[in-house]
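What follows is a single structure, written as structure tokens, with notes after it.
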Amino acid sequence: MKIGYPCINNSVGCTANRTFRLKSYSEDLLKEKITENLSCLKKILQYNINNGFLFFRIGSGLVPFASHPICEFNWQNYFKKDFQEIGRFIKEKNIRISMHPDQFVVINSQNPEIVARSIKELEYHCQILDSLGLDQTAKVQIHIGGVYGEKEKSMKRFIENYKKLPVFIKKRLVVENDDKSYSASECLEISEEIKIPIVFDTLHHECLNNQEKARDVFEKIIKTWKKKDGLPIIDYSNRIIGDKRCRHIQSLDPRLFKKFIKETFGLDFDIMLEIKDKELSAKKALEVLVVV
DNA sequence: AGTTGTCAAGCTAGT
DNA sequence: ACTAGCTTGACAACT
């Protein structure tokens with residue numbers, strides 16, 4: 001079991017998500033930002049090793065505007081050595097890497113242009129992981145997408161569009177249950193058809209479920225992960241107490257986390273802590289694991 | 001040096 | 001019709 005946090009580290013004093021405005025796009029500026037981002041990524045990974053965090057989500061902004069038509073720069077080639085070097089470090093230290101494209105990636109959109117842009121963005125994410133030389137356990141996670149007032153049709157459209165994706169995307173792509181549209185059991189329905197692994201998000205399940213117990217659903221979800229996909233991934237968070245909506249807590253509650261670990265006894269998986277204070281919560285989580 | 005409006009992209013629910 | 005919220009954070013133009 002590995003513990004990780006997404007995209008941002010507030011302790012190392014740099015960010016791997018530096019960007020700029022589209023208006024000020026130039027190849028030089030792009031190179032500059034990628035250089036800074038890669039250098040910071042190294043620092044974060046080293047920090048993670050020093051602190052026992054073996055799971056990390058790389059932010060989508062590592063290469064700004066990579067999937068935008070304005071970008072004709074071959075960053076994969078130009079930064080080949082840097083990616084290989086970081087990739088070697090990741091493999092040597094046995095770090096698990098994932099990525100999570102943002103809400104603009106909608107594979108089941110009714111608009112073919114949005115689908116095309118989404119595929120471009122997925123290509124970019126997979127190119128990052130390919131450039132790092134990582135195997136199929138490095139995943140790219142998205143949600144099912146929109147409902148458009150016709151859920152059955154929208155689920156079918158996801159399945160059809162998924163089938164058309166190139167293999168280098170399919171082998172990394174996984175879906176996560178969300179808090180408003182597609183529950184974990186609906187993800188399971190889709191997975192049954194196309195055999196896509198599912199990321200179980202504990203907070204989203206709390207907010208959207210069909211009265212299934214988390215452990216029951218999770219045991220089914222675990223089976224969607226084959227050996228080549230690596231251990232199942234869980235996104236862990238808790239709801240702000242008394243919150244009507246589904247907002248993340250600011251910092252890990254060690255007692256709730258301990259309860260969760262006990263409830264999932266006997267199951268093995270990697271945990272991504274989707275919590276505001278990032279590495280601080282990851283530290284708390286490790287402390288809980290040592291005691292349990 | 002610090003503050004604040006704005007930023008490539010989509011969808012949903014709430015006002 | 002419009003906007004907040006979603007992994008919101010980071011930039012850039014303004015004091």
Side-chain angles (χ1 to χ4, degrees), chain A residues 4-10 12-26 29-30 32-34 36-37 40 44 55-71 97-125 139-151 154-155 157-158 161 176-183 199 201-204 207-208 233-240 243-252 271-282:
Chain A
Y5 59 95
C7 310
I8 290 162
N9 176 302
N10 294 311
V12 295
C14 64
T15 163
N17 305 301
R18 297 213 60 184
T19 184
F20 52 89
R21 294 289 174 259
L22 182 57
K23 271 190 295 187
S24 46
Y25 183 94
S26 76
L29 191 50
L30 179 60
E32 188 187 310
K33 297 301 176 186
I34 299 173
E36 288 175 344
N37 287 343
C40 186
I44 293 174
F55 191 16
F56 186 67
R57 182 188 296 168
I58 296 177
S60 297
L62 192 70
V63 179
F65 303 106
S67 76
H68 191 281
I70 201 173
C71 177
I97 295 289
S98 70
M99 296 187 81
H100 192 340
D102 60 31
Q103 61 270 36
F104 307 109
V105 170
V106 185
I107 287 303
N108 76 344
S109 174
Q110 295 175 311
N111 177 349
E113 286 171 18
I114 293 173
V115 177
R117 277 198 290 274
S118 299
I119 294 171
K120 281 269 170 220
E121 184 72 355
L122 290 179
E123 270 173 19
Y124 152 64
H125 282 78
K139 294 301 187 190
V140 173
Q141 55 175 288
I142 59 171
H143 298 290
I144 302 296
V147 177
Y148 313 101
E150 40 178 32
K151 190 174 262 185
S154 299
M155 285 167 80
R157 206 164 41 245
F158 181 92
N161 289 343
E176 175 195 344
N177 58 310
D178 67 85
D179 61 336
K180 287 197 174 72
S181 304
Y182 293 98
S183 68
V199 172
D201 186 305
T202 63
L203 174 61
H204 291 163
C207 300
L208 179 67
I233 295 173
I234 276 212
D235 281 358
Y236 180 89
S237 187
N238 295 118
R239 202 202 297 230
I240 296 173
D243 188 32
K244 273 191 181 172
R245 281 173 289 176
C246 200
R247 289 182 297 182
H248 294 258
I249 43 165
Q250 293 294 316
S251 189
L252 186 86
I271 305 177
M272 180 59 64
L273 298 164
E274 285 195 333
I275 297 173
K276 287 261 165 25
D277 67 359
K278 310 290 175 182
E279 74 277 9
L280 296 182
S281 284

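Order of the sequence lines fixes the chain letters, A, B, ..., with proteins taken first and strands second; residue numbering starts at 1 for each chain.
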Whole angstrom is fine here: how far is it from [atom1] in [X] over to [atom2] in [N]?
X: A:H68; N: B:dC7; atom1: NE2; atom2: C1'; value: 12 Å
X: A:Y148; N: B:dC11; atom1: OH; atom2: C1'; value: 7 Å
X: A:E150; N: B:dC11; atom1: CD; atom2: P; value: 13 Å
X: A:L208; N: B:dT12; atom1: CG; atom2: C1'; value: 13 Å
X: A:K23; N: B:dG5; atom1: NZ; atom2: C1'; value: 12 Å
X: A:D178; N: B:dA13; atom1: CG; atom2: P; value: 10 Å
X: A:H143; N: B:dA9; atom1: NE2; atom2: P; value: 20 Å
X: A:Y124; N: B:dA9; atom1: OH; atom2: P; value: 17 Å

Rounded distance in Å between the [atom1] positions of [N] and [M]:
N: C:dT7; M: C:dC2; atom1: C1'; value: 25 Å
N: C:dA4; M: B:dC7; atom1: P; value: 14 Å
N: C:dA10; M: B:dG10; atom1: P; value: 23 Å
N: C:dT3; M: B:dG5; atom1: P; value: 15 Å
N: C:dG9; M: B:dC11; atom1: P; value: 24 Å

Students often get this wrong, so: under 4.0 angstrom with heavy atoms, is [X] touching a base, only sugar-phosphate, or nothing?
X: A:I8; answer: sugar-phosphate
X: A:F65; answer: base
X: A:N111; answer: nothing
X: A:V147; answer: sugar-phosphate
X: A:S109; answer: sugar-phosphate

What range of DNA chain C does chain A touch, first nucleotide to last, counting atoms under 4.0 Å from its heavy atoms? C:dG5 to C:dA12
A:D179/A:R239 ion pair, N-O < 4.0 Å: no
Could you check whether A:E32 pairs with A:R18 (Lys NZ or Arg NE/NH1/NH2 to Asp/Glu carboxylate O, under 4.0 Å)? no
Would a distance-only check, ignoring hydrogens and angles, find a side-chain to backbone donor-acceptor pair under 3.5 Å from [X] to [Y]?
X: A:S237; Y: A:I275; result: no
X: A:S67; Y: A:K120; result: no
X: A:N238; Y: A:I249; result: no

On DNA chain C, check which nucleotide each of A:T19 and A:R247 is closest to and give me the residue with the more 5' one. A:R247
In the structure I gave you, are the side-chain heavy atoms of A:S181 and A:I144 within less than 4.5 Å of one another anywhere? no
So do the side chains of A:F65 and A:L30 get within less than 4.5 Å of each other, counting heavy atoms only? no
Applying side chain to side chain contact (heavy atoms under 4.5 Å, CB included) to A:N161 and not counting sequence neighbours gives A:I107, A:V115, A:R157, A:K164
Would you say the base of B:dG10 stacks on A:F104 (centre-to-centre below 5.5 Å, plane angle below 30°)? no
[X], nearest nucleotide to its side chain (from [options]):
X: A:S67; options: B:dA13, B:dA9, B:dC7; answer: B:dA9
X: A:L22; options: B:dA9, B:dC11, B:dA8; answer: B:dA8
X: A:I114; options: B:dG10, B:dA9, B:dT12; answer: B:dG10
X: A:R117; options: B:dC11, B:dA9, B:dG5; answer: B:dA9

Sole residue of A:V199, A:L203, A:N177 in side chain to side chain contact (heavy atoms under 4.5 Å, CB included) with A:D235: A:V199
Paired with A:H100, the side chain to side chain donor-acceptor pair (under 3.5 Å) test is passed by just one of A:K139, A:H125, A:E274, A:E176, namely A:E176
With distance as the sole criterion, is a donor-acceptor pair present between the side chains of A:S154 and A:N108 under 3.5 Å? no
Stem ranges of DNA chain C by first residue number, counting only runs of at least 3 Watson-Crick or G-U pairs under 3.5 Å, come to B:1-7 with C:9-15, B:10-15 with C:1-6
